[in-house]
Amino acid sequence: MKKTRFITLEGSEGAGKSTNMDYIQKGLRAQGIDIVTTREPGGTPIGEDIRQLLLGHKHTGMSDDTELLLMFAARAEHLDKVIRPALEKGQWVLCDRFTDATYAYQGGGRGIASDRIATLENWTQAELRPDLTIYLDVPIETGRQRAGDRSAPDRFEKEQNAFFNKARKVYLDRAEQEPARFRVIDASTSLDQVQVYLDEVLQELVSKKR
Ligand code: TMP
């Protein structure tokens, strides 16, 4: 069986993505796995600058195609400088969001056709796809209530629930289409319960490693 090396974590607002990113990283490190953690958009100096453009409010009325291409520009740099080098060295990579987010937000949310996204995916990533994707699922209303007014909303967080509901649907559809790659975790329960589910996934990962 192929060793799992490239893991991505997805989730909507208020799903506990940051806390659980930390939990997964610690859990895998404790098993002696050499893991690089990173995020998208971002993960490199150029990528983090692009993230500012994408999430900030400096420019208003960004076109959907510009948004999509900036996501992939950041990704191309990330793949070149961080993800591929780590995988080539035999390290595992745990990435906070990846291309499933593009299908969800630019595809579902903005309405860009998925075959256009697939073209960019094939161009930028060639054969590379995540080996495992954990999706922390929470109904949008619950998640947003939970997230509350944590901080000033970024350009995406300003969107209405309808946008996030379309994104969530894409995640769930993709998970259904690719059950071998996806693990959907019900994140509407308590953090303790989510981590019980995560422990099961980590267990599965570590046993595959051996
Ligand atoms: P987050 O990492 O704090 O969740 O913020 C990143 C935001 O960017 C989030 O709202 C989802 C969005 N995003 C996209 O719209 N498309 C993408 O391809 C990625 C990676 C993120």
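One-based numbering along the sequence shown. First listed ligand is number 1; within each ligand, the first listed atom is number 1.
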How far is [atom] from the closest protein heavy atom, and which atom is that?
{"atom": "atom 21 (C) of ligand 1", "answer": "Pro41 CD, 3.6 Å"}
{"atom": "atom 11 (C) of ligand 1", "answer": "Arg97 NE, 3.6 Å"}
{"atom": "atom 19 (C) of ligand 1", "answer": "Ala101 CB, 3.5 Å"}
{"atom": "atom 14 (C) of ligand 1", "answer": "Met71 CE, 3.2 Å"}
{"atom": "atom 16 (N) of ligand 1", "answer": "Gln106 OE1, 2.8 Å"}

Inset, instruction - Please assess Thr99 against Arg129 for the test side-chain hydrogen bond (donor to acceptor under 3.5 Å, both in side chains), listing each intermediate value before the final yes or no. - result: CA-CA 9 Å; Thr99 306; Arg129 298 291 181 275; over 6 Å; no
Out of [options], who gets a non-hydrogen atom closest to [atom]?
{"atom": "atom 7 (C) of ligand 1", "options": "Phe98, Phe156, Phe72", "result": "Phe156"}
{"atom": "atom 3 (O) of ligand 1", "options": "Glu159, Glu13, Arg51", "result": "Arg51"}
{"atom": "atom 18 (O) of ligand 1", "options": "Thr8, Thr102, Asp154, Asp96", "result": "Thr102"}

Legend entry - Which of the ligand 1 atoms, numbered from 1, are nearer than 4.0 Å to a heavy atom of Arg75: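 Listed by number with element, the hits are 18 (O), 20 (C).
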Legend entry - Enumerated ligand 1 atoms positioned under 4.0 Å from heavy atoms of Lys17: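 Taking each heavy atom of Lys17 in turn, ligand 1 has 1 (P), 2 (O), 4 (O) under 4.0 Å.
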Inset, instruction - Check the side chains of Tyr105 and Asp100 for a donor-acceptor pair under 3.5 angstrom, ignoring hydrogens and angles. - result: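 No donor-acceptor contact under 3.5 Å links the two side chains.
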Legend entry - Asp192-Ser190 side chain donor-acceptor pair, cut-off 3.5 Å: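 Result is no, nothing qualifies.
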Legend entry - Contact check, side chains of Ser12 and Val138, non-hydrogen atoms, under 4.5 Å: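 Heavy-atom side-chain distance check passes, below 4.5 Å.
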Inset, instruction - Look at Arg29 together with Asp34 and state whether they make a salt bridge at an N to O cut-off of under 4.0 Å. - result: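 A salt bridge is absent here (no side-chain N lies under 4.0 Å from a carboxylate O).
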Legend entry - CD1/Ile46: more than 12 non-hydrogen atoms of other groups inside 6.0 Å: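 Not more than 12 within 6.0 Å, no.
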Legend entry - Cationic tip of Arg75 above Phe98 ring, under 6.0 Å, 45° of axis: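 Yes, a cation-pi geometry holds between Arg75 and Phe98.
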